[in-house]
Structure formats: structure tokens, C-alpha cells
Amino acid sequence: IQNIGVLTSGGDSPGMNAAIRAVVRGSLYYKLKVTGVLRGYDGLINADFIPMDGKSVANIIQRGGTILKTARCDDFRSKEGRAKAYKNLVESNIDALVVIGGDGTFTGADVFSQEYDFPIIGLPGTIDNDLEGTDLTIGYDTAINTVVNAVDKIRDTAESHDRLFIVEVMGRDSGMIALRSGIGVGAEAILIPEAKTGIEDLIHRVEHGRKDKASKIIVVAEGDEAGGAYNVGEALKANFPHHDIRVSVLGHIQRGGSPSCADRVLASRLGVAAVEALLEGKSKVMVGQINKEIVFTPFSKAIKHIDATQVTPAWLKLAEILSL
Ligand code: F6P
């Protein structure tokens, strides 16, 4: 391997820049060339390549977003799109790839690397923390801290006004952000897709919960079956007309901001490990960290969503105990 291409794809996450920096500096350390691919798989199809050196990643470890830009690319789902991508890689002498992203990114990488026997290593870059094969994904720690900071502020005003707030957090298919940040903010209830709590249960809990609490915070994962915070808000308003109820959707602030130290360190370690893995001949695997050890997981396994009820029944119980 002589020239590694690096790209970020799918939804961005804080720490992607730290990961790019580690891939670039790791490649240079092993005397390899490294090429940046702009806008994820779109950049492969359009040959949007930039040469990178140590200086091109200077002063980015602390920056949110991704200097390589990102996209959700439909063309890469087609055979023709992938054929163009392969042609461009060969013509530019890029002979391996490091792709930073989540399940959509790895699904594309898996198909492409099978089709063309092209070496690809994945890095888990998503705020959702929903990948098998790593305790944490790059960006998750920052995102849950962003949620905690925001909800602490909501708690202040909720407490002043004796209000019940329904706060929606991200996680289309996963309740990991809701579960951990919900515990972190002392939420009175947490709704996640994996637990299937349902609005009826929630109504029951609000009805039988402690009456002496001035404020109540209910954290809802956007992917929960209840259908989002506004739906939950309507149902609660209908059942509790005397409660003062407000809805707050945190949205994309969860994807931005300077990465936490934990995310920077994780990204740095995994980025260098990705380069070393390519040099050892590994491919079609995601590099993750489990119990402090570097672990390699085939793309096909990494993208199987973690079922939070299987991995975290104790956390769900903890949330319930603490909300009394
Ligand atoms: O996968 C990351 C994520 O932020 C999800 O939590 C969310 O459902 C989705 O991306 C939002 O995507 P977009 O920015 O394309 O609306």
C-alpha cells in the first residue's frame, strides 16, 4: 500500500477531524502518501481528491464538523456509481481507503470492497453509538454532553415555571443518546425505540409519579415509536390539561461543537490503528475499542444495530429507580 484515501461520510460527528488528522499523520509516519476525498462517496465518484500532508491537518483536532465535508450519497448505491469510483481511485493511484462514518458508510464500503477486492478500513464516526464492535463511537461523548448542557438549561426554566418538558434528542434507530443523557440530566422518564415504553405507560407514570416535583423532564429519542416529542406532547396535554407542558427538539446542535477530550483521544487512537491495519493486510473491517483494546469487526457485523434493551437492561432499571 502506497497511497491511502481518507473520507468522511453520512452525518458528521464531533471528532471526525481528529480522526482525519490521525489517519494523515499515521500514514506519513509509515511513509505513505495520503489523499483526502471530499464529500464522502460523492468525492470518489467525481474524483474530488486533494493531496494531504502534516500541515493540512494542523489545528483541526479541536474543531467540530469535518474539513473533508460529508454527504449521504445515493449514486454509490448503484453499480455504475461504484464503477466510476473504482476507475477514479485506480487513475489517481489510491490503493486503499479509510472511511469514517456510520452504518450507511460501512454498508457502501462493504459492497464496494467485495466488488473490487479493494482494501478498506472503517472508523466509527457517528453520534448515535449504535455500532457493534466498539464501546463508543467517535462523537457520541461530545453529543451526550451537548444534550446534558442544553437540558440543564431547560431544567432551570422548567423549575421556575413548574413545567413538564418533553425534550427530543437524536437517534433515528437507537436510544443510546436518550438513555445515557436522560440518566445524566435526571430525567423523570426516557423513551427509546428499544424499550417500547409507549404513551400509555408514560401517561401512567406521570399520573402516579411524585406530585411534589416542580419540574419534569421527559427525554424522547427521535426514533421512538411514540412518534416524536410533539406527538408525546399532544398526548400528555390531552390527558393532563392542568399541567403546563412544553416541547423542545434539540436537533442538529447535537452534531456540532468542539469534540470532548474522550472523543479526540478515541479518534486519534483508532485513526492510527486504521493505517496500521491496512499495512497488516486487513480489510472490510471497522476498527473499534472494547474494554480499552483495539478490536476489528467485519463491516457486515458492525452495522447490526445494537439493541439497547439487550446491552443495557441494567441502565434502563437504573433510570427508573432514579426517576422516583
Ligand atoms: O446518524 C446521525 C444522525 O444525527 C441521527 O441521529 C439522525 O437521525 C440523523 O443523523 C439526521 O440526519 P440528517 O442530518 O441528514 O437530517
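All values below come from the heavy atoms of this structure, side chains included, with hydrogens, waters and symmetry mates left out. Atoms within a ligand are numbered from 1 in the order they appear, just like the ligands themselves. Predicted model, so just to flag it, every value in this text is computed and none were measured.
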Looking only at non-hydrogen atoms, which of Gln254, Arg172, Glu222 approaches atom 7 (C) of ligand 1 most closely? Glu222

Which of the listed options, Met176, His252, Met170, holds the heavy atom that is closest to atom 14 (O) of ligand 1? His252

Using the ring of each side chain (for Trp, its six-membered ring), is Phe118 parallel, tilted or perpendicular to Tyr86, with breaks at 30° and 60°? perpendicular

Look at atom 15 (O) of ligand 1 and say which protein heavy atom is nearest, naming residue and atom and giving the distance to 0.1 Å. Arg72 NE, 3.0 Å

Is there a nitrogen or oxygen of Gly171 sitting under 3.5 Å from a nitrogen or oxygen of ligand 1? yes

Against Ser13, only a single residue in Thr142, Ile100, Ile127 fulfils side-chain contact (heavy atoms from CB on, under 4.5 Å); can you say which? Ile127

Are Lys282 and Phe296 in a cation-pi setup, meaning NZ or CZ lies under 6.0 angstrom from the ring centre and within 45 degrees of the ring axis? yes

Do Asn59 and Gln62 pass the side-chain hydrogen bond (donor to acceptor under 3.5 Å, both in side chains) test, and can you show the C-alpha distance, the side-chain angles, and the key distance before you say yes or no? CA-CA 7 Å; Asn59 214 4; Gln62 76 279 24; 2.8 Å; yes

Please report which non-hydrogen protein atom sits nearest to atom 4 (O) of ligand 1, along with the residue it belongs to and the distance in Å to one decimal place. Arg255 NH1, 2.9 Å

Among protein heavy atoms, which lies nearest atom 6 (O) of ligand 1, and at what distance? Asp128 OD1, 2.7 Å

Is the closest side-chain heavy-atom distance between Ile50 and Leu38 below 4.5 Å? yes

